[in-house]
Amino acid sequence: MPMEKTFDAAEAEPRLYRRWEESGAFRAGANARAGANSFTIMIPPPNVTGALHLGHAFNNTLQDILVRWHRMRGFDTLWQPGQDHAGIATQLQVEKQLAATQQPGRRELGRDAFLQKVWAWKQEKGGTIIGQLKRLGASCDWSRNAFTMAGAPGAPEGEEGNFHDAVIKVFVDLYDKGLITRGKRLVNWDPHFETAISDLEVENVEVPGHMWHFKYPLAGGATYTYVEKDADGTVLFEEERDYISIATTRPETMLGDGAVAVHPSDERYAPIVGQLCEIPVGPKEHRRLIPIITDPYPDPAFGSGAVKITGAHDFNDYAVAKRAGIPMYRLMDTAGRMRDDGVPYAEAAEVAQSAARAWLIRNGHATVGFAEQPVSLSEAEADALNLVPDHLRGLDRFEARAKVVEEITAEGLAVMTEATDPRLGAPKGKPAPAPEPGPRAAGQTAEVPDQARDGTPPLEPEEGGEARDEAAQLVPLVEAKPIMQPFGDRSGVVIEPMLTDQWFVDSAAIVGPALDAVREGRTRILPESGERTYYHWLENIEPWCISRQLWWGHRIPVWYAPDPIADDDDRWAPICAPTEEEALAHVRAGHGEDADIVVVETEAEADAILRETLATLDTATEGRIRQAQGPIRIPVWRDPDVLDTWFSSGLWPIGTLGWPEETEELKRYFPTDVLVTGQDILFFWVARMMMMQLAVTGQEPFHTVYLHGLVRDEKGKKMSKTTGNVIDPLDVIDEYGADALRFANTSMASIGGVLKFSLDRIKGYRNFGTKLWNACRFAEMNGVFEARGAGVPRPQATVNRWIVGETARVREEVDAALAAYRFNDAANALYAFVWGVVCDWYVEFSKPLLLDGAGEETRETQETMAWVLDQCLILLHPIMPFITEELWGLTGERAKLLVHADWPDYTAADLVDEAAEAEMRWAISLIEGVRSARAQMNVPAGLYVPLVMEQADEAARTALARNDVLIKRLARIGEFSEGAPPRGSLAVPVRGASFALPLADIIDVGAEKERIGKALGKLGKELGGLRGRLNNPNFAASAPEEVVEEAKANLALREEEETQLKAALARLEEIG
RNA sequence: GGGUGAUUAGCUCAGUGGUAGAGCGCUUCGUUCACAUCGAAGAUGUCGGGAGUUCGAAUCUCUCAUCACCCA
């Protein structure tokens, strides 16, 4: 039964994949030769919430190619699959689902019940991407599928595994070594998810924003002379002022200001440094005064040159406050609302006031006043203080902003300017609104100032100049300008820098080996530019914040118990232990065997119990509970935070292999070989894996990191739902088959290449599959596969000898390309070979032998073709596994599936027959010459025409004689003759011979002259270049010998061709 | 502002010192018994601009321009 005309991918792919899986073809070690080296790839674990996108499709195609290639070569191969638990994304997903199905929300459920819901969700929906990777043909060992939360407490049946143990063990080890610490740090806070997120999860986007300018009056009505000078010292402007002008894009943070800073060299403000100024907001009777300090951070040329310092809400201010010892006052709660806790504002402001005075005293700007006690606030005390005025408490941060602006303006403390000031941008006379900005709001809010609009040049940016024309109508100066604003990449809300207690890894202490590994070449990053980026980041590494205020994740293994020796002040002592039992054992050791230990859920509960306990004790012991008599209640609570997802995925290479147990797999497959991943997670993941694996095992986790870019659309744009240019790889697979998608991915995969996805290319590679299919179909129709022999054929016929050599060449080319991770070169070499050599020439050449012939030559051709096609299937299999496996099955009884076929290792040196190659290349060039002349001269395509050989050398004669059947067939030649070409022939020059097509009655002499003239023109250019080079004595002297030889040989060939063409032209001239 | 990279045929891209290629598209021709998801032939380039090194530069250096990404 003849084969179908095309490959039915939709039908065959699931069937073939099932076949592979059922036969265990992808199992670790399948098809390994005895004593083989291992080859391991760890899949970059997709989020458990994820669905396959084109980036995954690309990334996993490359991994699959490497894995299939090694497996066929007999390596002990493991492709380790798995998923990442993706803290924020998963928690969000489940919360959404609860809301959508009218179930109780996360907080109502409580932690344990919620986590059960997450696990249930994971078990039901978490496998989506696995099925999708299978459709792509990914040959992972699915029996080993891993999960970064496997084995966590509460994990249901089927989620066993010890990944959790690995994560906890590493945390405890690093903690014990002092490499993990807890502290108050400014972190990027996501008010939507109410958790810290890393720098890398923050997207900075330029959005239309506003810059407000406010006056901070000097304390006690003090004044100074404000002078502005130009570079030469000429006074430009001078006035008496009782305030300092401050610009801000976030007025609500003024409430937490701890100081105003100016540059030490800024003479304008020198007179008032060390004085106090007033924050112009809040109840008049409790206005807070803050010191004016110097710090190198403010840029005198920007704005007024004075900067408000809000240490708890801005990264730059944080550094200034740290340097100067300015207290940091937190203003917001975890949801980004203005705080509504603590003592009333008046009381809090009082304390802050004393702290400000104390600062002046400490820094020598003031002396201790009468009856005054300098107050110094600890970090915790400052944090506990709520400086939000009572009427603003509980407001959303953006509402609070609007209120603050309104109040200051009403009080007349906004800096004013003319209504025509081009900086305003917003509608005249109206203070700009303070909407909640967001990337989606961009373009809807106030426009960016268009200074060209009214032709007025912008005013000088220096403050103080804007109110000079008193006659003009004045409005508050609210600049409309684009500002960079941080957004959470998952939540899309504005990120708030927030001072919170977090856990940190001291990255700087463990980064050394990770840097050395790349510097010393033990791990190589491709493209090389990735190495530079890697160094740059690691050399400037910041502490890594690893705590997240989420529930879904590895909970931090730290418990808190009353410190048996500490003062009341920091009475909770952390105990880090792998399990609660061990932690409690520590508590018991500290508090005595008879202590009644109560594990509670929150710090508040623990506090209550501890207060009760303390109350029962003798006050003379000053709260030290070690002196307690008899059993007392000791509250213990566990840190509620979970670890950053990247902390656990950082252990992916060893965690998936069973570490910390010393498993057989760990010994066999670690260190792994290649990591294929997106360059966007070089820091998130790659660098951290390097650091963590080195810290834990002392070994590099992989020797090669292959980085690739983002898959974009045809025009190079990012694919996004909002743009609507997202292409679903599954749709592509449905329409064109997985092989076409894979081949397109492979051919795009040049090192460091830009990835632009094009459906035209997909279609082209689907056609390529069809071409291969039909070559096999032709072979099958001609009994080729019945003649398959064992091993490499050793045929006699020139065409067969030639194609065997060509096959060896392409095998070497493919191996070299894959070894160098030049996937595109491998794909292109195979495309050119299968289509351009096998299909275009070899199949055509074989036709006379297969269709017309019989006997040994036919049999040998069948055998050779069977072998050549088998080689095509084998070499293409890593890239196009489905169609090749299908053809492998259809074209013979096979000992093994193609997925386990032996990868060839024959070489061009063994198999290339140079004489055969020269002969075939000559025949091809003659055929092409004839075809070209015919087509250009409009000789009817179907017409058989005679060919006259004018002259020929020995090699050409032999080649013609031995291949005349092929040449006649493919060039559509009727008869050969030898002799002088008749007048009005078409000239066909080839190497070592000249031919003519006598077609005087068909051709147009003028057109033929033109054709030859054109060819001569081209030749002339080339000859000019070659002669120029060879005539240059410096060329012969400096260029390598083989280059000179090549140029000489080239020149000889071109000259021969030129002679022939000139002769042909001369003959045509005779006709006229 | 810092870093990294890109600029080659109409389009998408290869091309690490020897005189420029592929695929797609385009034009012309073709119902030749594997394939029209095909075949044959053809056209198209101051390799972003300028300077330098070199016998020789798309390739190395400098510079300018434009664009992209990452980090502030």
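Quantities reported herein were computed from a predicted structural model and do not represent experimental measurements. Every chain is numbered from 1, with letters handed out A, B, ... down the list of sequences.
Considering only the side chain of Lys1014(A), rA43(B) comes nearest among rA34(B), rC55(B), rA43(B). Residue Arg972(A) places its side chain closer to rU32(B) than to any other of rU32(B), rG18(B), rA40(B). For Asn824(A), the listed nucleotide lying nearest its side chain is rA14(B); candidates were rA14(B), rA41(B), rU12(B). Here rC70(B) is the nucleotide among rC35(B), rC70(B), rA41(B) with the atom lying nearest to any side-chain atom of Phe683(A). For Ala775(A), the side-chain atoms get nearest to rA34(B) when compared with the rest of rA41(B), rG18(B), rA34(B). For Val1043(A), the side-chain atoms get nearest to rG18(B) when compared with the rest of rA41(B), rC35(B), rG18(B). Considering only the side chain of Arg822(A), rU16(B) comes nearest among rC55(B), rG39(B), rU16(B).
No donor-acceptor contact under 3.5 angstrom links the side chains of Asp870(A) and Trp888(A), judged on distance only. Ser750(A) and Asn824(A) share no donor-acceptor pair across their side chains, judged by distance under 3.5 Å alone. Inspection of the Thr858(A) and Gln862(A) side chains reveals no N or O donor paired with an N or O acceptor under 3.5 Å. Using a 3.5 Å distance cut-off with no hydrogens or angles, the side chains of Tyr297(A) and Asp317(A) do not pair a donor with an acceptor. Between the side chains of Asn59(A) and His708(A), at least one donor N or O lies within less than 3.5 Å of an accepting N or O.
As judged by a 4.0 angstrom heavy-atom cut-off over every strand, Lys5(A) is placed among residues touching the sugar-phosphate backbone only. Within the 4.0 angstrom heavy-atom criterion, base atoms lie near Ser1038(A). Backbone-only engagement by Tyr831(A) is indicated by non-hydrogen atom pairs under 4.0 Å involving sugar-phosphate atoms exclusively. Across all strands shown, Pro1033(A) has no heavy atoms under 4.0 Å from either base or sugar-phosphate atoms. Residue Glu1045(A) is classed as having no contact, given no heavy-atom separation below 4.0 Å to the nucleic acid. Contact annotation for Arg931(A): backbone-only contact, meaning every heavy-atom pair under 4.0 Å involves sugar-phosphate atoms and none involves a base. Using a 4.0 Å heavy-atom cutoff across all strands shown, Cys839(A) reaches at least one base atom of the nucleic acid.
For rG39(B), one of the phosphate oxygens OP1 or OP2 lies less than 4.0 angstrom from a side-chain nitrogen or oxygen of Trp835(A). Within the structure, a side-chain polar atom (N or O) of Ser750(A) is placed less than 4.0 Å from OP1 or OP2 of rA14(B). Proximity of Asn767(A) to the phosphate of rC35(B): no side-chain N or O atom is located under 4.0 Å from OP1 or OP2. Taking 4.0 angstrom as the limit, Lys771(A) places a side-chain polar atom (N or O) nearer than this to OP1 or OP2 of rG39(B). Of the side-chain N and O atoms in Ser932(A), one or more sit less than 4.0 angstrom from OP1 or OP2 of rG42(B). Within the structure, a side-chain polar atom (N or O) of Lys847(A) is placed less than 4.0 Å from OP1 or OP2 of rA34(B).
Using P as the reference atom, rG25(B) and rU61(B) are 38 Å apart when rounded to the nearest Å. Going from the P atom of rG18(B) to that of rU31(B) covers 45 Å, rounded to whole Å. rG15(B) and rG48(B) are spaced 14 Å apart, taking the P atom of each and rounding to whole Å. Comparing the P positions of rU63(B) and rA68(B) gives an interatomic distance of 22 Å, to the nearest angstrom. The P atoms of rA65(B) and rG50(B) are separated by 15 Å, rounded to the nearest whole Å.
Judged by the 6.0 Å distance and 45° axis criteria, Arg519(A) is positioned over the aromatic ring of Tyr535(A).
Remark on RNA chain B: of its neighbouring residues Arg532(A) and Asn774(A), the 5'-side contact belongs to Arg532(A), judged by nearest-heavy-atom nucleotide.
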